[in-house]
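What follows is a single structure, written as structure tokens, with notes after it.
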Amino acid sequence: MKRIIKLMTFCALLASCSKENTTTPSNPNPTPEKTPSELLKGTWKIESSVSNEAGNPSTLPDCSKDNLVTFNADGTMLADEGAVKCDSMDAQTSTGTWKMTSYPTLEFKQDATTEFTVVKVIQLDETYLKYEMPVDTRIYTLTWKRK
């Protein structure tokens, strides 16, 4: 079973990707009508992943383009592999928890783990969730679109 962290960080493990993010989200900050935690709640579909690695601006493999993650109001989350799995042995879904105690910091983890992955949210609005995640010497920028 893929760990929920792996779903959120899959491009960190895939060095062969090369397509850049062509989406330009319009609002870099949360709307004042809702708190960041309220905006995060809901289902998101992965749209792109870009690395700051020179010569390798990583993007999504085809098998990840239908992956979903749902952030629930109670702090739980559900990751879904979608119709096309990257590894047929992986479970269709996995669960975890999330918290956003101090915006722009978002933390999430798989239920079976003890450590949270910490990311910096750089955009959160009704349409997009975009965050930066350091992995070793690289920084990955992942963009999710509300489903």
Problem set entry | Least distance between heavy atoms, Asp66 atom then Lys45 atom | CA-CE, 3.9 Å
Exercise. For Leu129, which of Ile122, Leu40, Leu142, Leu39 qualifies under side-chain contact (heavy atoms from CB on, under 4.5 Å)?
Worked result: Leu40
Exercise. Counting N and O atoms only, with roles assigned by atom type, does the side chain of Asp80 sit under 3.5 Å from a partner on the main chain of Leu68, one being a donor and the other an acceptor?
Worked result: no
Exercise. Would a hydrophobic clustering, with Ile, Leu, Val, Met, Phe, Trp and Tyr connected at side-chain separations under 4.5 Å, put Val118 with Met100?
Worked result: no
Problem set entry | Heavy-atom donor-acceptor pair, Asn72 side chain to Asp74 backbone, under 3.5 Å | no
Exercise. Is there a donor-acceptor contact under 3.5 Å from the side chain of Asn67 to the main chain of Ile46?
Worked result: no
For this session: Mark yes when over 12 heavy atoms from residues, nucleotides or ligands other than Lys41 sit less than 6.0 Å from its NZ; otherwise mark no.
Result: yes
For this session: Quick one: closest heavy-atom pair of Tyr128 and Thr143, and the distance?
Result: CD2-CG2, 3.8 Å
Problem set entry | Plane angle bin for Phe71 and Trp98 - parallel if under 30°, tilted between 30 and 60°, otherwise perpendicular | perpendicular
Exercise. With a 4.0 Å cut-off, would you call Lys34 and Glu126 a salt bridge?
Worked result: yes
Problem set entry | Heavy-atom check, side chain of Pro104 versus side chain of Pro36, under 4.5 Å | no
Exercise. Do you know which two heavy atoms are closest between Asp125 and Gln123, and how far apart they sit?
Worked result: OD2-NE2, 2.8 Å
Seminar exercise, completed: Of all heavy-atom pairs linking Glu53 and Ser51, the shortest is N-OG, 2.9 Å
